[in-house]
Trainee: 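Below you will find the structure I want to go over with you.
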Amino acid sequence: MSSSAIEIAGVTKVYPGDNPVTALENIDLSIADGEFAALLGPSGCGKSTLLNLLAGFETVTSGKLQVYGAPVTAPGPQRAVVFQEAALFPWLNVWENVVFGPKVQGLAPEKYEAKARETLKLVGLENFAKHLPVQLSGGMRQRVGIARVLVMEPTLLLMDEPFGALDAQTRLTMQQLLLDVWEGLKKTVVFVTHDIDEAILLADTIYVMSARPGRIATRIPVEVPRPRNLDTLTDVHFNEMKKRIMHEMRADQH
Amino acid sequence: MSSTLTGQRGKRMALAACLPVLFVLTWEVLGRFDLLIAGLIPMPSAVLRAWWVWIAGAGGLSLNPYSGTWGANLWFSLQRVGEGYLLAIVLGIPLGVFIGWSRLAAQVVDPSIQWLRPIPITAWLPFSIALFGINEFGAIFLITLGAFYPIVVNTTQGARDVDKNLVRAARMMGAGGWALLRRVILPAALPSVFTGLRIGLGIAWTAVIVAEMVAVKSGLGYVLWDAYYVGRMDVVIADMVSIGLMGYISDRLVVFVESRLLTWRRLQSY
């Protein structure tokens with residue numbers, strides 16, 4: 001247990017109000033250091049809520065939630081978030097967006113500029129540093145969204161359906177990019193998605209969630225060997241996994 | 001390519017000019033045929049002549065207050081608008097960002113602003129004269145007050161409507177407090193801020209004219225009322241046109257600054 005990155009025990013999240021909504025009920029989850037975990041489930045299953053709790057954007061109603069042994073109280077650069085719509089600052093160009101984190105943290109430029117250039121190159125945007133987000137395609141914007149968190153060298157990467165708003169072609173490219181980046185870094189990742197293919201392609205472990213109230217229904221280790229690439233999507237292991245997960249998700253609905 | 005663009009621009013300007021030109025010509029022709037109420041409404045040519053004297057006529061010892069005094073009076077009004085407007089910006093933008101960002105600030109400050117706002121600046125005149133007397137400060141007080149409301153209200157709106165995910169992203173990257181306000185809330189609110197700045201500038205010009213008519217003895221507003229009293233309608237009209245021109249030019253200036261600062265916004269709308 002010493003190498004666990006995320007420890008969640010008995011976490012419940014209720015949104016108060018005239019009709020209180022239980023978004024998450026009694027969640028137990030343990031994610032190992034360096035694990036790529038996918039939270040898979042239909043909309044309304046609380047997967048984004050769980051991610052927001054990990055990010056520190058929201059607080060738990062009850063239960064224990066720890067990241068690397070410390071309770072989460074506020075958002076911070078160690079728990080980096082990639083948003084679905086990239087959420088770049090539209091008035092800053094690509095370069096300024098990428099160095100935003102180190103800059104507001106008060107680091108000296110010589111401490112982050114080389115790293116930022118290297119990261120921009122890693123996501124293939126080295127020639128777009130001066131472009132404004134509005135001048136980029138959706139996929140390129142999300143590359144910036146990834147680059148700006150990698151620059152901060154976070155211990156945990158939280159991704160909230162980051163490719164959900166992209167067209168199918170671009171999504172495949174971005175998945176390949178993320179695979180390449182992750183193979184190089186082996187950071188702990190929590191990746192929220194409703195796309196089964198995406199979850200299998202990327203993750204080590206898939207946590208299937210069910211809705212109303214949000215619960216973790218099953219934990220499925222992905223037994224597809226790495227390194228993976230887009231060809232993985234059509235191999236035998238993949239289809240077996242997919243069949244099994246679909247079966248479990250269907251069983252869960254009855 | 002660029003020649004078609006200038007062609008289009010020329011066409012647009014011609015279209016925009018045709019109504020005013022028609023209006024002024026009709027007015028002049030009516031005057032030539034003695035169809036205007038004589039002495040009350042001077043012809044455009046008479047207005048132009050009076051304006052010219054007002055601008056370039058011999059000043060100094062001349063007994064005519066409408067000879068060569070245009071520049072000085074314009075400068076008085078411009079200075080007052082500039083000072084009052086700057087003060088309104090310096091007070092209004094930070095306060096608006098603060099109210100829009102902090103729920104507590106909104107609860108404490110916003111109601112008072114909403115209660116005071118319906119009192120028109122003209123209603124503040126007697127109070128302002130009582131407080132400051134017949135001098136500069138009364139005028140600047142009115143201009144600041146008038147411009148302050150739209151600036152603070154629009155800035156508040158802008159700061160309140162900032163995309164929640166942008167704030168989350170900034171906090172996730174380590175921005176808090178001051179850095180968050182300056183680097184995220186303010187730039188995100190800027191389009192709204194400029195809406196407030198433009199409305200505020202219009203009110204600042206209204207306020208300066210009202211204040212100069214009553215509370216000070218110089219400037220375009222003072223001349224406007226003074227010229228009316230002595231029956232110089234030609235100067236009155238020249239003065240009105242001068243005010244309109246200044247209002248227009250200063251608004252263009254704000255729009256220019258806006259387009260420089262908000263390039264990202266302009267690109268977004270393509």
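Here is how names work: the chains are called A, B, and so on, in the same order as the sequence lines, proteins then strands, and each is numbered from 1. On a predicted model such as this, the values are computed, not experimentally measured, just so you know.
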Trainee: Would one find more than 12 heavy atoms of other residues, nucleotides or ligands at under 6.0 Å from atom OH of B/Tyr248?
Mentor: no
Trainee: Does CZ in B/Arg103 sit with more than 12 non-hydrogen atoms of other residues, nucleotides or ligands closer than 6.0 Å?
Mentor: no
Trainee: Heavy-atom pairs under 4.5 Å with chain A - which of B/Ala188, B/Pro187, B/Ala179 has more of them than the others?
Mentor: B/Pro187
Trainee: Under a 4.5 Å cutoff for heavy-atom pairs, which residue among A/Arg79, A/Gln135, A/Arg148 has the most contacts with chain B?
Mentor: A/Arg148
Trainee: Can you tell me if CZ on B/Arg171 sees more than 12 non-hydrogen neighbours from other groups inside 6.0 Å?
Mentor: no
Trainee: Determine whether more than 12 heavy atoms belonging to other residues, nucleotides or ligands lie under 6.0 Å from atom CZ of B/Phe98.
Mentor: no
Trainee: With only heavy atoms counted, which part of A/Val82 is less than 4.5 Å from chain B, the side chain, the backbone, both or neither?
Mentor: neither
Trainee: Checking an interface table here. Which of residues 85-108 of chain A come within a heavy-atom distance under 4.5 Å of chain B?
Mentor: A/Ala87, A/Leu88, A/Phe89, A/Pro90, A/Trp91, A/Phe100, A/Gly101, A/Lys103, A/Val104, A/Gln105
Trainee: So, do A/Gln84 and B/Asn165 sit near enough that their side-chain heavy atoms are less than 4.5 Å apart?
Mentor: no
Trainee: Taking atom CZ of B/Phe76 as the centre, report whether more than 12 heavy atoms of other residues, nucleotides or ligands fall under 6.0 Å from it.
Mentor: no
Trainee: For chain B, which residues of residues 62-77 of chain A have at least one non-hydrogen atom nearer than 4.5 Å to it?
Mentor: A/Pro75, A/Gly76, A/Pro77
Trainee: Are any of the side-chain heavy atoms of A/Met152 and B/Met172 separated by less than 4.5 Å?
Mentor: yes
Trainee: Atom NZ of residue position A/Lys121 - does it have more than 12 heavy atoms of other residues, nucleotides or ligands inside 6.0 Å?
Mentor: no
